[in-house]
Amino acid sequence: MGETCKDWSKWAEDIYWTHFQTIHFSQYLLGDYDRQLAIPKKFVDNLKKKLPQSVTLKGPSGLTWDVELKTIDDTLFFNHGWQEFVKDHSLEETDLLVFRYNGWSQFDVLIFDGKNLCEKGDSYFVRKCGPTEHDNGCLTKKKIREGSIDDVHTPLDDGVRCPSPLNYVSDDSATAPSEQYIISLVGKRTRQSAKSVGRKEPATCGEGMKSTASDGKPLNTYDVECSPTIKNGAQGQQYASNRRLVTEDEIKDALLLAQAASSDDTYLAVMRPTHVYKKFFLYIPLEWAANHLSLENQEIYLRYKNDTWRARYNHNQARGYGGITSGWKHFVIDNNLEELDVCLFKAAGQMDGSTILDVSIFRVVQEISPRTLLNPPRKRGRRNSIKSTEA
């Protein structure tokens with residue numbers, strides 16, 4: 001009987017780790033929890049695919065934080081970005097956190113008071129205050145909108161205080177996500193997009209000019225001075241997807257194909273709304289940037305198939321992170337990138353003294369549906385936009 005129970009227990013354990021779509025772990029906050037947090041070794045060892053270099057933590061409020069993972073002495077930690085998550089949620093020693101991993105680089109987090117083991121109600125009303133990537137004080141609040149549970153960043157005038165929790169609006173996304181969370185999210189966003197009235201933008205947008213690469217072929221080049229903090233003009237534009245509803249299998253297939261093609265030299269990024277619909281800032285893990293770029297502001301080239309785009313990697317020394325800013329928006333639009341598509345980046349030498357990053361794209365849906373521009377920029381004069389493609 002004892003052996004039978006052991007066999008059954010082992011079988012159940014194998015089924016859990018190999019077939020369950022979402023898995024969980026919990027962690028008490030002890031010691032230097034405010035600096036980094038260890039991920040249980042059993043959790044890491046039993047994952048079917050290794051975790052990417054950066055993940056997203058989604059708090060009970062529905063807001064998200066990008067966090068870099070770092071291995072120290074065979075232990076994997078939530079590292080850069082974790083400090084902001086701790087500060088924004090006012091976490092304390094002995095608090096208990098439950099992490100739910102969706103298999104696609106996102107953890108949904110529930111927060112409990114370690115003293116009474118009850119969930120902390122204020123975790124559902126968190127707002128990102130103080131320095132953020134917009135540097136405008138109290139910036140993030142939840143906005144109810146049909147078919148969307150994205151956080152909406154709205155800068156407030158100087159001197160205006162953060163809204164109190166009583167004025168903070170939450171929605172159904174504040175509850176623990178269901179198994180179909182990502183599918184329903186994409187479906188809602190797609191249905192909303194179909195109803196949106198706006199102007200469809202051409203495949204290539206913004207200011208551009210022809211240039212010539214070392215091989216004599218034309219090269220797309222763009223203004224490289226803009227920053228994700230800019231609110232006006234192209235950086236303030238937002239788009240809605242017109243892609244059809246996607247299935248869970250399609251999302252998994254794209255990620256699995258990308259993971260199969262990845263290596264220690266590549267950086268895998270799952271596209272999120274802030275990458276492809278608004279803000280257009282792509283975070284690059286510090287460790288990967290140090291090994292394949294350099295920790296300083298610089299121009300780079302993004303190469304996909306036979307086309308090349310000039311972009312900019314901006315590194316914030318004070319905050320210790322960096323990402324691709326100007327040029328990334330044009331790359332996204334020209335290549336019709338959508339949420340949950342996967343990009344694989346690999347350094348591929350130099351051109352004109354700047355690093356080339358080869359980009360592989362793994363699409364959730366192969367059919368292309370041009371997106372809708374929701375807030376067309378004001379016309380302030382005549383601008384010429386030139387599309388250039390390698391022969």
Practice prompt. List the steps, then state whether side chain to side chain contact (heavy atoms under 4.5 Å, CB included) holds for Ser354 with Tyr301.
Written response: CA-CA 7 Å; Ser354 298; Tyr301 291 98; 3.5 Å; yes
Discussion item. Classify the ring geometry of His292 against Trp288: parallel below 30°, tilted from 30° to 60°, perpendicular beyond 60°.
Written reply: tilted
Worksheet item: Does some side-chain heavy atom of Ile284 sit less than 4.5 Å from a side-chain heavy atom of Tyr313?
Response: yes
Fill in: Arg100 side-chain N/O to Leu110 backbone N/O, donor-acceptor pair under 3.5 Å
no
Worksheet entry | Considering all heavy atoms, the nearest Lys115-Thr94 contact | NZ-OG1, 4.3 Å
Worksheet item: Are the side chains of Phe362 and Leu344 in touch, meaning some heavy atoms are under 4.5 Å apart?
Response: yes
Worksheet item: So among Trp65, Phe99, Phe78, Tyr33, which one has a ring pair (Phe, Tyr, Trp, His ring centres under 6.0 Å) with Phe85?
Response: Trp65
Discussion item. Using the rule side-chain contact (heavy atoms from CB on, under 4.5 Å), only one of Glu68, His80, Gln53 pairs with Leu286; which is it?
Written reply: Glu68
Worksheet entry | Residue pair Gln350, Thr355: steps toward the side chain to side chain contact (heavy atoms under 4.5 Å, CB included) verdict | CA-CA 5 Å; Gln350 299 268 320; Thr355 300; 3.0 Å; yes
Practice prompt. State, to 0.1 Å, how close Asp341 and Arg243 come at their nearest heavy-atom pair, and which atoms those are.
Written response: OD1-NH1, 3.7 Å
Worksheet item: Between Thr372 (side chain) and Leu374 (backbone), is there a donor-acceptor pair under 3.5 Å?
Response: no
Response to the item:
Rounded to the nearest 0.5 Å, the CD1 atom of Ile356 sits from the NZ atom of Lys346 at a distance of 13.5 Å
Discussion item. One pair to check against side chain to side chain contact (heavy atoms under 4.5 Å, CB included): Glu93 and Leu29. What are the steps and the verdict?
Written reply: CA-CA 5 Å; Glu93 191 165 9; Leu29 301 186; 5.6 Å; no
Worksheet, complete the sentence: Nearest heavy-atom approach of Tyr16 to His24 is OH-N, 3.1 Å
Practice prompt. Report whether Leu337 and Ile368 are members of the same hydrophobic cluster (ILVMFWY, side-chain heavy atoms less than 4.5 Å apart, transitive linking).
Written response: no
Worksheet item: Taking only residues two or more places apart in sequence, or in another chain, which ones meet Asp66 in a salt bridge (Lys or Arg N to Asp or Glu O under 4.0 Å)?
Response: none
Discussion item. To the nearest 0.5 Å, what is the distance between CG on Leu63 and OG on Ser123?
Written reply: 11.0 Å
Worksheet entry | Beyond-backbone contact of Asn79 with Val67, side-chain heavy atoms, under 4.5 angstrom | no
Worksheet item: Are Asp113 and Lys120 ion-paired here, with the side-chain N under 4.0 Å from a carboxylate O?
Response: no
Mind listing the side-chain donor-acceptor pairs of residues 254-265 below 3.5 Å, one per line with the distance, residues two or more places apart or on another chain?
unit_1 : atom_1 : unit_2 : atom_2 : d
Ser262 : OG     : Gln259 : O      : 2.7
Ser263 : OG     : Asp265 : N      : 3.3

Worksheet item: For Phe77, what are the other residues in its hydrophobic cluster, where any two members join if their side-chain heavy atoms are less than 4.5 angstrom apart?
Response: Ile72
Worksheet item: Within a strict 4.5 Å, meaning less than it, do heavy atoms of the Ile300 and Ile324 side chains meet?
Response: yes
Worksheet item: With sequence neighbours left out, which residue pairs that include part of residues 360-370 fulfil the side chain to side chain donor-acceptor pair (under 3.5 Å) condition?
Response: Arg244-Glu367
Discussion item. Closer than 3.5 angstrom, by distance alone: can the side chain of Thr247 be matched with the main-chain N or O of Glu250 as a donor-acceptor pair?
Written reply: yes
Worksheet item: Side chains of Pro273 and Val276: closer than 4.5 Å at any heavy-atom pair?
Response: no
Fill in: Closest non-hydrogen atom pair, Val364 against Leu340
CG2-O, 3.3 Å
Discussion item. Determine whether a donor-acceptor pair (N or O, by modelled atom type, separation under 3.5 Å) exists between the side chain of Asn335 and the backbone of Phe331.
Written reply: yes
Practice prompt. List in chain and number order the residues that pass side-chain hydrogen bond (donor to acceptor under 3.5 Å, both in side chains) with Glu92, two or more places apart in sequence or in another chain; answer none if no residue qualifies.
Written response: none
Fill in: Phe112 and Cys118, any side-chain heavy atoms less than 4.5 Å apart
no
Worksheet, complete the sentence: Heavy atoms of Cys343 and Ile361 approach each other most closely as SG-CG1, 4.2 Å
Discussion item. Does Glu13 form a salt bridge (Lys or Arg N to Asp or Glu O under 4.0 Å) with Lys42? I'd like the steps, not just the answer.
Written reply: CA-CA 12 Å; Glu13 189 83 0; Lys42 180 177 179 179; 2.7 Å; yes
Worksheet item: How long is the span from the OG atom in Ser241 to the CD atom in Glu338, to the nearest 0.5 Å?
Response: 3.5 Å
Practice prompt. To the nearest 0.5 angstrom, please state how far the CH2 atom of Trp328 sits from the CD1 atom of Ile333.
Written response: 11.0 Å
Practice prompt. Applying side chain to side chain donor-acceptor pair (under 3.5 Å), run through Ser294 and Gln298 and close with a yes or a no.
Written response: CA-CA 8 Å; Ser294 58; Gln298 61 192 282; 3.0 Å; yes
Discussion item. Treating Asn297 as the side-chain partner and Asn314 as the backbone partner, does any N or O pair qualify as donor plus acceptor under 3.5 Å?
Written reply: no
Fill in: Close side-chain approach of Tyr267 to Pro285, heavy-atom, < 4.5 Å
yes
Discussion item. Donor-acceptor check, side chain of Glu119 to backbone of Ile111, threshold 3.5 angstrom: yes or no?
Written reply: no
Worksheet item: To the nearest 0.5 Å, how far apart are CG in Leu37 and CD in Gln83?
Response: 11.0 Å
Discussion item. Main chain of Glu287, side chain of Asn291: is a donor-acceptor contact present, judged purely on distance under 3.5 Å?
Written reply: yes
Worksheet item: Can you check whether Pro370 reaches Asn242 side chain to side chain, under 4.5 Å on heavy atoms?
Response: no
Worksheet item: In chain order, what residues pass the side-chain hydrogen bond (donor to acceptor under 3.5 Å, both in side chains) check against Asp45, with sequence neighbours excluded?
Response: Lys41
Discussion item. Using 0.5 Å steps for rounding, measure from the CG atom of Asp108 to the OG1 atom of Thr64.
Written reply: 10.5 Å
Discussion item. Looking at every heavy atom in both Tyr239 and Lys329, which two are closest together, and how far apart are they?
Written reply: OH-NZ, 3.0 Å
Worksheet item: Got a donor-acceptor contact below 3.5 angstrom from the Tyr277 side chain to the Glu339 backbone?
Response: yes
Item to complete: Carefully, step by step, assess Val332 and Leu282 under the rule side chain to side chain contact (heavy atoms under 4.5 Å, CB included).
Response: CA-CA 11 Å; Val332 167; Leu282 180 68; over 6 Å; no
Worksheet item: Step by step, would you call Ser105 with Arg272 a side chain to side chain donor-acceptor pair (under 3.5 Å)?
Response: CA-CA 11 Å; Ser105 80; Arg272 308 210 175 278; 2.8 Å; yes
